[in-house]
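These notes are about the structure you will find just below.
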Amino acid sequence: DLVSFTMSMKNARYGETSAGRPYALLPTSTVVRVPNGGRVRGTSATLAVVDTRRWYLVRVENEQQRRLLLRAYPDFRRVPIPRARAVPAR
């Protein structure tokens with residue numbers, strides 16, 4: 001079950017790719033309740049990317065998602081996207 005989900009615009013990091021494409025990395029936190037009654041907090045960065053003058057949100061939490069991103073937008077190859085992490089939560 002989803003307990004909470006947040007994206008921080010206040011702590012976003014803004015940049016531009018080598019091709020001049022604007023982007024933002026939004027710190028993202030998700031807390032879920034797991035079957036044993038505990039909770040897990042996942043932290044990651046959601047990528048906000050401009051394509052044809054529209055902003056899109058892209059989750060890049062694993063290698064498969066990163067490969068798909070790079071297939072569509074190879075100019076993100078040199079953009080460091082923080083790795084997703086999961087830890088026990090209260």
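Of the N and O atoms on the side chains of T30 and R41, not one donor lies less than 3.5 Å from an acceptor on the other residue. Side chains of T28 and T46: a donor on one and an acceptor on the other come within 3.5 Å.
Under the 4.5 Å side-chain contact rule for hydrophobic residues, Y56 and V50 do not share a cluster. Hydrophobic clustering (side-chain heavy atoms under 4.5 Å, transitive across Ile, Leu, Val, Met, Phe, Trp, Tyr) groups V34 together with F5. Criterion: ILVMFWY side-chain heavy atoms under 4.5 Å apart, direct or through other members. Under it, L70 and L47 are part of a common hydrophobic cluster. No single ILVMFWY cluster, assembled from side-chain heavy atoms under 4.5 Å apart, contains both W55 and L26. Taken together through direct or relayed side-chain contacts under 4.5 Å among Ile, Leu, Val, Met, Phe, Trp and Tyr, V49 and Y14 form parts of separate hydrophobic clusters.
The shortest side-chain heavy-atom distance between M7 and L57 falls under the 4.5 Å cut-off. Residues D1 and V32 fail the side-chain proximity criterion, which asks for heavy atoms closer than 4.5 Å.
Rounded to the nearest 0.5 Å, atoms OG (S8) and CZ (R13) are 12.5 Å apart. In this structure, CG on L69 lies 12.5 Å from CD on Q64, to the nearest 0.5 angstrom.
Scanning all heavy atoms of the two residues, the minimum distance from P82 to L25 falls at CD-CD1, 4.2 Å. Residues R39 and R90 come closest through the heavy atom pair CD-O, 3.5 Å. For the pair I81 and R66, the tightest heavy-atom approach, listed with the atom from each and the gap, is CD1-NH1, 3.8 Å.
A salt bridge does not link R85 to E61: none of the charged nitrogens lies less than 4.0 Å from a carboxylate oxygen.
The neighbour count for R59 CZ, taken as heavy atoms of other residues, nucleotides or ligands under 6.0 Å away, is above 12.
For F76, the ring-ring contact (aromatic ring centres under 6.0 Å, His included) partners are Y23, not counting sequence neighbours.
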